[in-house]
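Below: the structure, in structure tokens.
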There are 2 protein chains.
Amino acid sequence: MSSEELAAAAGVNSAKLRKDFSYLGSYGTRGVGYDVEYLVYQISRELGLTQDWPVVIVGIGNLGHALANYGGFASRGFRVAALLDADPAVVGSSAAGLPVRHMDELEEIVETQAVSIGVITTPPGAAQQVCDRLVEAGVTSILNFAPTVLTVPDGVDVRKVDLSIELQILAFHEQRKAGEEPDRGDSVLDRAPGPVRAAAAKLRRAAGAATAAKAEPAGKGGKPPKGTDGELSAVMPA
Amino acid sequence: MSSEELAAAAGVNSAKLRKDFSYLGSYGTRGVGYDVEYLVYQISRELGLTQDWPVVIVGIGNLGHALANYGGFASRGFRVAALLDADPAVVGSSAAGLPVRHMDELEEIVETQAVSIGVITTPPGAAQQVCDRLVEAGVTSILNFAPTVLTVPDGVDVRKVDLSIELQILAFHEQRKAGEEPDRGDSVLDRAPGPVRAAAAKLRRAAGAATAAKAEPAGKGGKPPKGTDGELSAVMPA
DNA sequence: TAGATTGTTAATCGATTAACAATC
DNA sequence: TAGATTGTTAATCGATTAACAATC
């Protein structure tokens, strides 16, 4: 398949696609194109998706359960090495066919199964303590679903998942839809500088058959800079 | 507080911070700085976080439960208007203090409570059908947790949450850590072009006291382009 | 008024893309 | 060999940042 076809399918520029691929190596054939299966394998390998990654999930409430059952993990090479909880009422139950084990077994599990990634789905109050214990046991990457910022020593990676962020992005666009004029004629945004105009265009596409204009009261104080209409293109994804 | 102080706290450049703020309006005072409380209010308003956003959650399994209980929603102005499920065994139970209602009540709920945002936490097989029904009922923004790509008409926004993406990012860095030389001296990356060097530096920071080098077998075929060491800076966040 | 800091312009930097030599 | 398409260079475009006039 040619870079042109791949780029069309992915919705990107073909030169960019070729340049990005070139960072991984030289996996195409001039005059022919790319072998898709081979390409997928090479990218997967570079991303670490061909490896087996044992993970422990700590805190088996609803979210812990949901993650244990999540099909997307297994298909990307993540294997649940153990489900752990500190609550004796939960320990011994099972989720996704695995027994919930006690936190005290953490160290042994991490060591014997060479676990380097831990997932925290505890209540916020317990998260830092669990995190410290994971790190102490030898875990060097932590995925945190608890709404707390975790402190870790150098050499440990933490990523925080905020389940409401995507909802906030939707609400932002929803708010803009409500403010859109049903009339699709010229707008001050068409005369705005490049990035603002692009963002406005995307917005219009998204808004489609515009919803009824619900007037939003103008904020007190301060007027938006000329030609931007208070556009948040710089901080909000389309 | 001055843009300099705010920028230091946020870890960004102060000129960028002022420029970004200027897209929203003129909320600072020359010679003085920014009134933080006022600024927070203005940004929140622009992002739509000062509005009340009623949402429906469809599919009350573990993930639906977890989201219904998620504290981050309420604090950002999201109000659960209803929990819905098609399974009679689940309808009538309660989650987060709310009753689970039957899918058939969807249309009435969306209309009477002016719901414009729907959250889908059903199994993948049911997601498109649920999505169609939400759209039909008048929902114009959909947050999809089911591992399926949804098709929607123009004017409807969809965002898909893949719970394994952050885990994949951690695994990517974990893989790089394992390949890092404990010796922190010069590396081919220090002679690489700008973006690659920057990514390498970030990686080193993250890796901290390097973990023991676990040799990763080189992939068959194709060698990385000169000076990049197969770096994925273009596609992977730090 | 003198000092401080914003909002914005202009310069710089980096990322994207057009163009093309290399080569299948 | 002629046609096609990669991998990469150079040009373009856009985003970041330094600098500074405006002004509190």
Side-chain angles (χ1 to χ4, degrees), chain A residues 1-36 38-39 42-43 46 192-202 221-238, chain B residues 1-36 38-39 42-43 46 192-202 221-238:
Chain A
M1 200 178 251
S2 72
S3 61
E4 207 63 62
E5 292 172 285
L6 288 168
V12 299
N13 178 289
S14 70
K16 180 154 204 298
L17 184 129
R18 289 196 299 278
K19 187 145 227 256
D20 281 1
F21 284 177
S22 81
Y23 286 112
L24 303 182
S26 197
Y27 298 134
T29 307
R30 289 168 199 236
V32 178
Y34 297 88
D35 178 313
V36 174
Y38 181 53
L39 194 61
Q42 290 297 344
I43 295 173
E46 189 73 27
V196 174
R197 221 167 48 240
K202 277 189 200 160
K223 46 201 177 313
K226 303 158 213 95
T228 72
D229 193 31
E231 179 57 62
L232 262 186
S233 57
V235 294
M236 267 288 168
Chain B
M1 200 177 251
S2 72
S3 60
E4 206 64 61
E5 292 171 286
L6 289 168
V12 299
N13 179 288
S14 69
K16 179 155 207 298
L17 185 130
R18 290 197 299 279
K19 187 146 226 255
D20 282 0
F21 285 177
S22 80
Y23 286 112
L24 304 181
S26 197
Y27 298 133
T29 307
R30 287 168 199 240
V32 178
Y34 297 88
D35 179 312
V36 175
Y38 181 56
L39 193 61
Q42 291 296 345
I43 294 174
E46 188 74 27
V196 174
R197 223 167 46 241
K202 275 188 198 158
K223 45 200 178 312
K226 303 159 213 94
T228 71
D229 194 30
E231 179 56 64
L232 262 186
S233 59
V235 295
M236 268 285 166

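Just so it is clear: chains get the letters A, B, ... in the order the sequence lines come, proteins before strands, and each one is counted from 1.
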**Report entry** Distance in angstrom units between A:E5 CD and D:dT6 C1', rounded
**Finding:** 14 Å

Query raised in the report: Under 4.0 Å between a side-chain N or O of A:Y34 and OP1 or OP2 of D:dA4?
Result: no

Report task. Scan B:S14 against the nucleic acid and name what it touches under 4.0 Å (heavy atoms): base, sugar-phosphate only, or nothing. Result -> nothing

Query raised in the report: Closest nucleotide of DNA chain C for A:G31 versus for A:V12: which of these residues is on the 5' side?
Result: A:V12

Query - Any side-chain heavy-atom pair of A:R18 and A:Y34 under 4.5 Å - result: yes

Query raised in the report: Given that both distances must come in under 3.5 Å, which nucleotide forms a Watson-Crick or G-U wobble pair with D:dT9?
Result: C:dA18

Query raised in the report: Expressed in angstrom and rounded to an integer, what is the separation of B:R18 atom CZ from D:dT16 atom P?
Result: 15 Å

Requested in this report: Let me know the distance between NZ of B:K19 and P of C:dA10, rounded to the nearest Å.
Outcome: 12 Å

Query raised in the report: Is B:F21 touching bases, backbone alone, or none of the nucleic acid, heavy atoms closer than 4.0 Å?
Result: nothing

Query raised in the report: Between D:dC24 atom P and B:D35 atom CG, what is the distance in whole Å?
Result: 16 Å

Query raised in the report: Over how many whole Å does the gap from B:K16 atom NZ to C:dT9 atom P extend?
Result: 18 Å

Requested in this report: Tell me whether the OP1 or OP2 atom of C:dC24 has a side-chain N or O from A:T29 closer than 4.0 Å.
Outcome: no

Requested in this report: For B:D20 and D:dT16, give me the distance from atom CG to atom C1', rounded to whole Å.
Outcome: 10 Å

Report task. Using atom CG of A:N13 as one end and atom P of D:dT5 as the other, report the distance to the nearest whole Å. Result -> 16 Å

Query raised in the report: Does the D:dT23 base have a donor-acceptor partner in the side chain of B:R30 within less than 3.5 Å?
Result: no

Query raised in the report: What is the distance, rounded to the nearest whole Å, between atom OH of A:Y27 and atom C1' of D:dT6?
Result: 15 Å

Query - Complementary nucleotide for D:dA4 - Watson-Crick or wobble, under 3.5 Å - result: C:dT23

Requested in this report: Might you work through the side chain to side chain contact (heavy atoms under 4.5 Å, CB included) test for A:L39 and A:L6, ending with a clear yes or no?
Outcome: CA-CA 11 Å; A:L39 194 61; A:L6 288 168; 4.1 Å; yes

Query raised in the report: Using a cut-off of less than 4.0 Å, is there contact between a side-chain N or O of A:S3 and OP1 or OP2 of D:dT5?
Result: no

Requested in this report: Would you indicate whether the side-chain heavy atoms of A:D35 and A:Y27 approach each other to under 4.5 Å?
Outcome: no

Report task. Grab the two heavy atoms, one from B:N13 and one from B:A7, that are nearest each other, plus how far apart they are. Result -> C-CB, 3.9 Å

